[in-house]
Engineer: 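Please see the structure below; I have some questions.
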There are 2 protein chains.
Amino acid sequence: MKMNEGIEWAIHCCSLLAHLPDDATLPVGALAEFFEVPQAYLAKNLQLLSRAKIVSSAKGPGGGYRLARKAEQISLLDVVQAIDGRDPCFRCSEIRQRGPSAVAASNYRKPCGIARTMLKAEKVWRDELKKVSILDIKELGIQETNPAQARKAEDWLTHVLRFP
Amino acid sequence: MKMNEGIEWAIHCCSLLAHLPDDATLPVGALAEFFEVPQAYLAKNLQLLSRAKIVSSAKGPGGGYRLARKAEQISLLDVVQAIDGRDPCFRCSEIRQRGPSAVAASNYRKPCGIARTMLKAEKVWRDELKKVSILDIKELGIQETNPAQARKAEDWLTHVLRFP
DNA sequence: GGCAGGTTACTCGGATAGCGATTGTCCGAGTTGATCTGG
DNA sequence: CCAGATCAACTCGGACAATCGCTATCCGAGTAACCTGCC
């Protein structure tokens with residue numbers, strides 16, 4: 001079980017976008033430069049965030065991405081599910097209904113105990129991610145970023161940022 | 001993020017093996033027949049369980065697999081990690097150390113907040129799986145299996161089971 | 001000088017290849033149990 | 001009839017292909033700004 005690499009990028013991007021003034025946007029190229037990741041692949045992931053209404057996009061010169069909602073209204077779970085999909089990790093193929101001990105399908109109304117247990121554990125995981133918002137992530141980042149890096153980032157932002 | 005298909009099989013197999021009398025074994029062929037899954041691939045997964053000391057194997061005629069410990073001493077997490085490995089789903093590639101705002105590596109001693117948050121959620125998930133034992137799964141199965149199926153399964157077992 | 005039209009450049013969006021991990025399969029190593037033979 | 005060796009069948013274990021999803025990329029659609037020419 002391996003999580004999509006783009007999830008890390010997406011969260012970092014959301015955290016960075018949360019630092020932007022209202023209505024300011026950043027194009028994919030700038031985000032890719034800031035994180036030193038492949039621009040085309042990052043674009044694909046931002047596209048997924050756009051579909052999920054987590055970020056909103058603006059085309060044309062001066063365009064780019066910005067958060068579609070306030071940072072405190074975007075949970076980590078939203079981002080993870082936007083990139084990785086909302087299907088559960090564990091997939092029950094109902095093998096209990098196969099083999100020599102199988103009985104009529106009408107006897108299997110409830111999901112089997114194994115699936116219920118696995119899905120319950122996933123729900124606990126999702127609930128944990130739902131508790132954390134992009135604003136929380138942003139503030140965590142501010143706390144643990146040293147001043148030199150913070151100023152370099154701010155300088156960089158002032159160079160690439162463009163207001164509508 | 002998609003979980004290995006073999007995990008479902010492995011848990012079902014452990015649950016079935018928990019029904020066996022002490023020292024009785026089941027070969028891969030019997031397990032594959034019971035669940036109607038490809039024998040060769042199931043063998044590969046049982047091999048992983050064997051390496052993890054969750055089941056113990058016996059070669060030769062009359063051999064097969066049995067639980068290496070008591071069912072209540074095997075957690076679902078043990079099985080999941082035996083099949084899927086113990087690496088975390090979320091992998092932090094430290095992209096904060098890249099790009100124009102990067103500073104000397106010595107400034108990044110703690111893992112970044114995003115990684116800590118994601119890994120904490122995974123820990124909650126693991127703790128939930130650790131709470132549940134194969135014995136619990138077995139008893140859940142007994143509760144929700146209808147009598148007809150239970151007898152068919154028991155009949156089948158008496159035909160394929162062999163004692164040492 | 002102001003405005004309208006066209007052009008240009010910049011941005012996102014979806015469709016398109018490449019690669020690695022999961023899935024699926026096979027054959028050899030090892031062990032047990034039965035069988036056969038000789039006493 | 002019994003003991004020992006041999007043999008054969010059965011089992012697991014690791015090494016070997018095929019398929020699917022993730023990774024990576026490119027080109028077209030759309031839009032805003034700009035430039036130019038005319039009024």
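Small disclaimer: the values here were computed from a predicted structure and weren't measured. A, B, ... follow the sequence lines: proteins, then strands. Residue 1 opens every chain.
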Engineer: Consider side-chain hydrogen bond (donor to acceptor under 3.5 Å, both in side chains). Of B/Arg109, B/Arg116, B/Arg96, which one does A/Glu144 pass it with?
Structural biologist: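 Per the side-chain hydrogen bond (donor to acceptor under 3.5 Å, both in side chains) rule, the option paired with A/Glu144 is B/Arg116, out of B/Arg109, B/Arg116, B/Arg96.
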Engineer: Counting any heavy atom closer than 4.0 Å, what does A/Ala43 reach on the DNA or RNA strands: base, sugar-phosphate only, or nothing?
Structural biologist: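 Here A/Ala43 touches no strand at all.
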Engineer: Using residues 45-61 of chain A as the side-chain source, report each donor-acceptor pair under 3.5 Å to any protein atom, sequence neighbours left out, with the distance given to one decimal.
Structural biologist:
none

Engineer: Over all strands shown, is A/Gly29 touching base, sugar-phosphate only, or nothing at heavy-atom distances under 4.0 angstrom?
Structural biologist: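 The answer is nothing, as A/Gly29 stays clear of every strand by at least 4.0 Å.
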Engineer: Check DNA chain C for consecutive Watson-Crick or G-U pairs with both distances under 3.5 Å and list the runs of at least three as stems.
Structural biologist: C:1-39 with D:1-39
Engineer: May I ask you to check whether A/Phe35 and A/Trp9 place their ring centres under 6.0 Å from each other?
Structural biologist: no
Engineer: Go through the side-chain N and O atoms of B/Thr158 and B/Asp155 and say whether any donor and acceptor fall under 3.5 Å apart.
Structural biologist: no
Engineer: Does D/dG14 have its OP1 or OP2 closer than 4.0 Å to a side-chain nitrogen or oxygen of B/Arg51?
Structural biologist: yes
Engineer: Taking only the side-chain heavy atoms of A/Pro61 (C-beta and beyond), determine which of D/dA32, C/dC26, C/dC12 contains the nearest atom.
Structural biologist: D/dA32
Engineer: In chain order, what residues pass the side-chain hydrogen bond (donor to acceptor under 3.5 Å, both in side chains) check against A/Gln97, with sequence neighbours excluded?
Structural biologist: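 For A/Gln97 the side-chain hydrogen bond (donor to acceptor under 3.5 Å, both in side chains) partners, ignoring immediate neighbours, are A/Glu94.
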Engineer: Tell me, please, which residues at least two apart from B/Lys123 pass salt bridge (charged side-chain N to carboxylate O under 4.0 Å, His left out).
Structural biologist: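 Result, salt bridge (charged side-chain N to carboxylate O under 4.0 Å, His left out) vs B/Lys123: B/Asp127.
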Engineer: Looking at residues at least two apart in the chain, or sitting in another chain, which of them share a ring pair (Phe, Tyr, Trp, His ring centres under 6.0 Å) with A/Tyr108?
Structural biologist: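 By the ring pair (Phe, Tyr, Trp, His ring centres under 6.0 Å) rule, A/Tyr108 matches no residue at all.
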Engineer: Can you give one letter per nucleotide of nucleotides 15-23 of chain C, going 5' to 3': B for a protein heavy atom under 4.0 Å from the base, S for sugar-phosphate only, - for none?
Structural biologist: ------S-S
